[in-house]
Amino acid sequence: MLYVRPDYYEKFKCIADRCEATCCAGWQIVIDEGAMECYKSQQGEYGEVLRERIDWSEGVFKQDCRKRCAFLKDNNLCEMYERLGEVSLCFTCANYPRHIEEFENLREVTLTISCPEVARILLEQKEPVKFTEEEIDTDEEEFEDFDLFFFSYLEDARKIMIAILQKRSLSVAVRVSLVQKMAEEMQTIIEGSDLFDLADVFDTYEEEANLAKAVSEAEQELEAFYENKLEIFFYSKTAFERLYKLEFLSEDWEAYLDKCRETLYGEDVQGYHEMQKKFGEYCARTPIDGIDMDILLEQLLVYFVFAYFCGAVYDDNVIGKIRMAVDSVTVLYEMFMAKWVEQDGRLSAEDIQRIVYRYSRELEHSDVNLGIMQR
Ligand code: SF4
């Protein structure tokens, strides 16, 4: 089995009791069948304690009134881990924050930015992310009707998209525009004609002379877009409003969105435009606690595209994967701006880290929400 991981993968180490937002609280931890069987037959005095703390009908660990896992001690360490060791952990606990996408003979393992420590690592990543491959002997799962032919096109497309997203000679807006256009062109072919035609799309965005032409067109379109303050305002507001269609996972998320919305769009179009201009200048002038905003946006875009794009092999929804990546980064930028306004022109790395992991918790741990964002 081939394993592919981002190059920062090995930097992760759970900071456990030093974590400001433990993953053992706030959401239900689903127990896999194998672990359920082990817990059922756990011997000794602790076996009884363990069984009492499981909600057997739902297949989850019970929680206290603060939504903390029944095994999470006041010092934020796991009692089951301490008493029975790492082998006792269920699949979710043993693997989080790893996010695994399964394909035929291939496992792509990323780290989800819903973990504060992973968000911090991504914020600190300055170089363009690379991906490492490793062949590991494991039992290979049978994939029925896996479309290897389509998948290889998706892998090629993703490689080209990531190369564009990491082209730092271009503005982030141009990079995004190119990737969106490429996805739109791919989607038309996937829905209508011969997959072989995808090679022509790849040529447009990979071959240097063709790409230069596509860049020049994108720059002209963006220039026209930037002149239309009303369009920019509604584009940003519409992306933000979409978040209200998602199911809310944290109790305080809706109130947080309300506050951001008021800060961002509570004034008129001119007020929004001035705020956006000043925030853009602030980001360009001041690396925020060492964070270059353009690099951060690139890393976030690459994160979403790498983790989700090839999943289109299962639903043919190439454009949805790119929309989710672009909309996510758009609303994250808006949230950074809202925080900066609310703090009178100050924004720290911790602020950004918190916004990133909170957003990811709302989006990436709900299939419903992932589906809505891939509309
Ligand atoms: S959220 Fe991340 S750092 Fe925090 S306890 Fe969970 S795995 Fe560890």
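It should be emphasised that the depicted structure is a prediction, and the values quoted were computed from it without experimental measurement. As the structure lists them, so they are numbered: ligands from 1, and atoms in each ligand from 1.
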Geometric class of the F225/Y235 ring pair [parallel <30°, tilted 30-60°, perpendicular >60°]: perpendicular

Side-chain (D32) to main-chain (F91) donor-acceptor, under 3.5 angstrom: yes

4.0 Å heavy-atom contact, S114 with ligand 1: no

Ring-face cation of R158 near Y153 (centre distance under 6.0 Å, axis angle within 45°): no

Option passing salt bridge (Lys or Arg N to Asp or Glu O under 4.0 Å) with D327 (candidates R375, K321, K245): R375

Under-4.0 Å heavy-atom contact with ligand 1, by part of R120 that carries it: neither

Numbering as shown, the atoms of ligand 1 that approach A21 to under 4.0 Å (heavy-atom distance): 1 (S)

Atom 4 (Fe) of ligand 1: nearest protein contact (heavy atom, Å): C19 SG, 2.4 Å

hydrophobic_cluster_shared for L77 and L84, side chain cutoff 4.5 Å: no

4.0 Å heavy-atom contact, R361 with ligand 1: yes

Side chain, backbone, both or neither: the part of C24 lying under 4.0 Å from ligand 1 by heavy atom: neither

Sub-4.0 Å atoms of ligand 1 with respect to non-hydrogen atoms of P116: 1 (S)

Short N/O/S contact of C23 with atom 2 (Fe) of ligand 1 (below 2.8 Å): no

R358 to W253 six-membered ring, cation-pi geometry met (6.0 Å, 45°): no

Residue and atom name of the nearest protein heavy atom (relative to atom 8 (Fe) of ligand 1), distance in Å to one decimal: C14 SG, 2.4 Å

V49-L89 co-clustered via ILVMFWY side chain contacts under 4.5 Å: no

Residue, atom name and distance, where the atom is the protein heavy atom closest to atom 2 (Fe) of ligand 1: C115 SG, 2.4 Å

